[in-house]
Amino acid sequence: MPKTFYSAAEAASAARAFGGDIIQFALSLLHDAAQSAVVPVSDFQVGAVAVDDEGNLYLGANQETAGVVLAQTVHAEQSAVAHAFSRGAGRLAHIVVNCTPCGHCRQFLNETRGSENLQIHLPHSRNNPLHHYLPDSFGPADLGMAGRLLDKQNHHLTLQNPARDALAMQALDAARQSYAPYSRQYAGVALETRSGGIFVGRYAENAAYNPSLPPLQSALNFLRLSGRHEREIVRGALVCFERSGHEVHTQTLWNACLTAPLDIHFLEENHG
């Protein structure tokens, strides 16, 4: 499988072949990024590369699931941003993608810290500010929110029934780091593979609501971009509040593409 993450040092070294132009190097990676696409519905692969302000590169690709509504789809730009979120990136500087971002993705990107300076690069057109594609935008500030997606989160959440299970605790930690300033319905997912690997996903909300990225999609995204396949999953854990919608939404996608057991753990309703 192609490499899907480049540290700043690795990216700078590889970019020497492109005259030190890291964006040109990122553009050269789009084909590799698209190889991670899962597209049983559209058969249309999209690759994206997120570049943070430290120069780290995070590849992403669109992901679909047959048999569920298309709203469960992860767009390539979302995939790259979620990949960056999973690895602890704080601020993005560039998004490189092989197709012009759709409206859904423009809105999703607008949620990130520093989006007013975010640059979009396409194979045929470089150095396009996000606001060129999303003029007069609506975002977190319009709803009175100071925080942004990729900001460090540390919600003080506890389980209704304290669990000793390590996978549940990984999902709880993901929920504590999830970004849900509008609903405060924090949630996290942890997936365990038969080799013992653990892949977590954090819920990521959006001011426009619909582009929000649920935790299972985020976890599957990280697993696939790490060179693993959902067939390797032996069990999963979801942590969320009761009647938050996460249980039903997660179970729907889980039943469509996974056969392993899913444990659901509920949070105490004492969040502020």
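These numbers come from a predicted model, not from an experiment. Residues take their numbers from the sequence shown, with the count starting at 1. Any value given below was found using the heavy atoms of this structure, including those in side chains, with hydrogens, waters and symmetry copies removed.
The aromatic rings of Tyr186 and Phe241 lie tilted to each other, with the angle between the two planes from 30° to 60°.
Of the N and O atoms on the side chains of Ser178 and Gln153, not one donor lies less than 3.5 Å from an acceptor on the other residue. Between the side chains of Gln217 and Gln72, at least one donor N or O sits under 3.5 Å from an acceptor N or O.
In terms of heavy atoms, Ala237 sits closest to Ala171 at O-CB, 3.6 Å. Considering every non-hydrogen atom in both Phe138 and Gln107, the closest pair reads O-NE2, 2.9 Å.
Put simply, Leu57 and Leu225 are part of two different groups of oily side chains (I, L, V, M, F, W, Y) that touch within less than 4.5 Å, one to the next.
A salt bridge is defined here as a Lys NZ or Arg NE, NH1 or NH2 lying under 4.0 Å from an Asp or Glu carboxylate O, and Glu77 with Arg106 fails to meet this definition. Residues Arg91 and Glu54 are not paired through a salt bridge, judged by the lack of any N-O separation under 4.0 Å between the basic side chain and the carboxylate. Ion pairing between a basic and an acidic side chain is recognised when a charged N comes within 4.0 Å of a carboxylate O; Glu232 and Arg194 show no such pairing.
You'll find the ring centres of Tyr6 and Phe25 inside the 6.0 Å limit. In this structure, Phe108 has its ring center at least 6.0 angstrom away from the ring center of His75.
To the nearest 0.5 Å, atoms OH (Tyr179) and CZ (Phe85) are separated by 9.0 Å. One finds the CD1 atom of Ile120 at 13.5 Å from the CZ atom of Arg126 (value rounded to the nearest 0.5 Å). Atom OG of Ser42 is separated from atom CD of Glu64 by 3.5 Å, given to the nearest 0.5 angstrom. For the atom pair CG of Asn110 and SG of Cys105, the computed distance is 12.5 Å after rounding to the nearest 0.5 Å. Atom-to-atom distance recorded for Asn127:CG and Ile23:CD1 is 7.5 Å, nearest 0.5 angstrom.
Within the 3.5 Å criterion, the main-chain N or O of Tyr182 finds a donor-acceptor partner in the side chain of Glu205. Using a distance-only test at 3.5 Å, with no hydrogens or angles considered, no donor-acceptor pair links the side chain of Ser226 to the main chain of Arg228. Although no hydrogens or angles enter the test, the distance criterion places a donor-acceptor pair under 3.5 Å between the side chain of Thr73 and the main chain of Leu70. A donor-acceptor contact shorter than 3.5 Å is absent between the side chain of Trp254 and the backbone of His249.
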Verdict with reasoning, Ser79 to Asn221, per side chain to side chain donor-acceptor pair (under 3.5 Å) = CA-CA 6 Å; Ser79 171; Asn221 179 66; 2.5 Å; yes
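Residues Leu30 and Val96 meet the side-chain proximity criterion, which asks for heavy atoms closer than 4.5 Å. Counting heavy atoms from C-beta outward, Leu149 and Arg113 have side chains that stay 4.5 Å or more apart.
Among the candidates Ile198, Leu262, Leu220, the single residue satisfying the side-chain contact (heavy atoms from CB on, under 4.5 Å) test with Leu191 is Leu220.
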